[in-house]
Colleague: 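Once you've had a glance at the structure underneath, I'll fire off some questions.
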Amino acid sequence: DEMRTYDFKRQELAIATEKELSDINDCAITYSMRASVDPTSQMGDPWLLKYIKKGYLALIVKDSLFLHQSVSVTQLHFIPLKEQNADPIDWVRALNTFKDKQIEQFTSKPVNPF
């Protein structure tokens with residue numbers, strides 16, 4: 001939920017800057033969130049972008065599938081912009097490749113968000 005995200009980020013920024021919650025406006029929150037993924041680093045350290053680059057959307061370890069959230073039957077084997085893939089290992093590989101390509105596209109053509 002977007003409002004919960006902003007509330008959590010507001011608390012984080014208040015703690016980090018030693019300010020009151022009421023002193024952290026929505027603009028400061030948006031700026032902080034965008035700075036965390038800015039590939040040009042003009043807005044600060046793109047720590048979240050670095051984290052996402054190193055992470056996986058899905059990972060198989062032995063016989064266990066690890067995901068950020070649950071997967072419904074209609075989502076299983078689905079890769080955006082691709083045909084469905086029935087093999088779980090190929091599906092996970094394709095999902096993570098999709099993520100890597102999207103990050104590469106995002107970082108190769110940065111857009112000034114302001």
Side-chain angles (χ1 to χ4, degrees):
D1 170 313
E2 183 181 324
M3 287 314 296
R4 290 190 64 200
T5 300
Y6 266 64
D7 291 339
F8 291 139
K9 190 65 175 179
R10 188 179 321 279
Q11 291 173 6
E12 175 189 324
L13 290 176
I15 291 168
T17 60
E18 298 181 353
K19 293 182 179 179
E20 295 296 321
L21 285 175
S22 59
D23 293 334
I24 309 295
N25 62 30
D26 287 355
C27 252
I29 294 168
T30 300
Y31 185 89
S32 174
M33 289 178 169
R34 289 182 178 210
S36 70
V37 295
D38 178 19
T40 66
S41 296
Q42 294 177 359
M43 300 168 67
D45 177 26
W47 65 270
L48 184 56
L49 180 60
K50 293 174 189 175
Y51 177 79
I52 292 169
K53 280 182 174 182
K54 295 201 181 284
Y56 299 96
L57 292 180
L59 180 67
I60 294 177
V61 177
K62 296 187 180 185
D63 63 350
S64 298
L65 173 63
F66 293 88
L67 300 161
H68 175 67
Q69 65 183 35
S70 64
V71 175
S72 71
V73 173
T74 57
Q75 295 167 323
L76 193 59
H77 308 295
F78 176 78
I79 307 294
L81 310 175
K82 299 277 184 184
E83 293 183 24
Q84 289 189 1
N85 194 326
D87 180 69
I89 293 172
D90 289 341
W91 176 67
V92 166
R93 186 178 301 116
L95 236 145
N96 289 314
T97 299
F98 171 79
K99 185 264 311 178
D100 292 339
K101 287 180 180 177
Q102 292 298 303
I103 295 291
E104 177 59 34
Q105 181 181 6
F106 174 78
T107 57
S108 68
K109 298 176 185 168
V111 176
N112 184 345
F114 296 103

Colleague: How many angstroms lie between CG in Asp100 and CG in Leu95, if you round to the nearest 0.5 Å?
Modeller: 10.5 Å
Colleague: With side chain to side chain contact (heavy atoms under 4.5 Å, CB included) as the criterion, how do Met33 and Thr30 come out once you've worked through the C-alpha distance, each side chain's angles and the decisive distance to 0.1 Å?
Modeller: CA-CA 5 Å; Met33 289 178 169; Thr30 300; 5.8 Å; no
Colleague: Atom NZ in Lys99, atom CD in Glu104: separation rounded to 0.5 Å?
Modeller: 11.5 Å
Colleague: Working to the nearest 0.5 angstrom, can you tell me the gap between Ile29 CD1 and Phe8 CZ?
Modeller: 12.0 Å
Colleague: Under a 4.0 Å threshold between the charged nitrogen and the carboxylate oxygen, would Arg4 count as salt-bridged to Asp7?
Modeller: no
Colleague: Decide yes or no for Pro88 and Ile60: does some side-chain heavy atom of the first lie under 4.5 Å from some side-chain heavy atom of the second?
Modeller: yes
Colleague: Quick check: is Val61 connected to Leu65 through a chain of hydrophobic side chains (ILVMFWY, heavy atoms under 4.5 Å apart)?
Modeller: no
Colleague: Give me each pair satisfying salt bridge (Lys or Arg N to Asp or Glu O under 4.0 Å) with a member in residues 17-33, each pair once, sequence neighbours excluded.
Modeller: Arg10-Asp26
Colleague: Quick one: closest heavy-atom pair of Ile24 and Ala28, and the distance?
Modeller: CG2-CB, 4.4 Å
Colleague: For residues 43-59, which side-chain donor-acceptor pairs fall under 3.5 Å, sequence neighbours excluded?
Modeller:
from	atom 1	to	atom 2	distance (Å)
Asp45	OD1	Lys50	NZ	2.9

Colleague: Any sub-3.5 Å donor-acceptor pair from Asn96's side-chain atoms to Val92's backbone N or O?
Modeller: yes
Colleague: Among all residues two or more places apart in sequence or in another chain, which pass the salt bridge (charged side-chain N to carboxylate O under 4.0 Å, His left out) test with Glu12?
Modeller: Lys9
